[in-house]
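Heads up: the structure comes next, in structure tokens.
By convention in this document, chain letters (A, B, ...) are assigned in the order of the sequence lines, proteins followed by strands, and residues within each chain are numbered from 1.
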Amino acid sequence: MNYWLVKSEPHKYSWEKFNEDKRTFWDGVRNYQARNNLRDMREGDLVLFYHSNEGKCVVGVAKVVRESYQDPTTPDPNWVVVDLSPVETLKKPVTLEQIKNESSLKDISLIRQGRLSVMPLKAAEFDKILEMGS
DNA sequence: GCCAACGTTGGC
DNA sequence: GCCAACGTTGGC
């Protein structure tokens, strides 16, 4: 079981919309490192959902329901998507500021590599953020 | 809206 | 294969 964090701008695709849809394919990744992370996702892996720009907080947990396949929005075979479904909404969103202030989370990619939109998390980091959000 | 960070592209 | 130019992301 692996853990991940994905970013979405809420006005582009929000957690609320995701919960209405119940399932979505995660498209729009056009960065090789993020793409490689998508390809490493396995069915059942858990994924934190982060709102960038507006909110700047982790708002919920999703899970991988279909492993990577050709991005249906482009014929370019370089790009893939995965299918995700919502699992639960955090009682309290965990803000970027809280994460920055938490010493055990200072090494996560969200902070160290701000522009990456799909990143792996260690189990301890994932658990810590869930704990902060409950 | 600005700008820093950083990935990508293309000329040499 | 280096590196300057350029584009994109995302925090502020």
Which atom pairs, donor and acceptor, lie under 3.5 Å between side-chain atoms of residues 113-120 of chain A and protein residues at least two apart or in another chain?
residue	atom	partner	partner atom	Å
A/Q113	NE2	A/Q33	OE1	2.9

Show me the side-chain donor-acceptor pairs of residues 81-89 of chain A shorter than 3.5 Å, one per line, residues at least two apart or across chains.
residue	atom	partner	partner atom	Å
A/D83	OD1	A/Y69	OH	2.5
A/D83	OD2	A/R23	NE	3.3
A/D83	OD2	A/R23	NH2	2.8
A/S85	OG	A/K22	O	2.9
A/T89	OG1	A/W15	NE1	3.0

Distance-only donor-acceptor pairs under 3.5 Å for side chains of residues 126-134 of chain A, two or more places apart:
residue	atom	partner	partner atom	Å
A/S134	OG	A/E131	O	3.1

### Query
Which two nucleotides bound the region of DNA chain B that has atoms under 4.0 Å from heavy atoms of chain A, read 5' to 3'?
B/dA5 to B/dT8
### Message
What contact category does A/N31 fall into here, base, sugar-phosphate, or nothing, at under 4.0 angstrom with non-hydrogen atoms?
### Response
sugar-phosphate
#### Entry: Comparing A/K100 and A/G28 on DNA chain C - which has the more 5′ nearest nucleotide
A/G28
### Query
Taking only residues two or more places apart in sequence, or in another chain, which ones meet A/E20 in a side-chain contact (heavy atoms from CB on, under 4.5 Å)?
A/K17
List the atom pairs, donor and acceptor, that lie under 3.5 Å between side-chain atoms in residues 54-63 of chain A and the rest of the protein, sequence neighbours left out.
residue	atom	partner	partner atom	Å
A/E54	OE2	A/H11	ND1	2.9

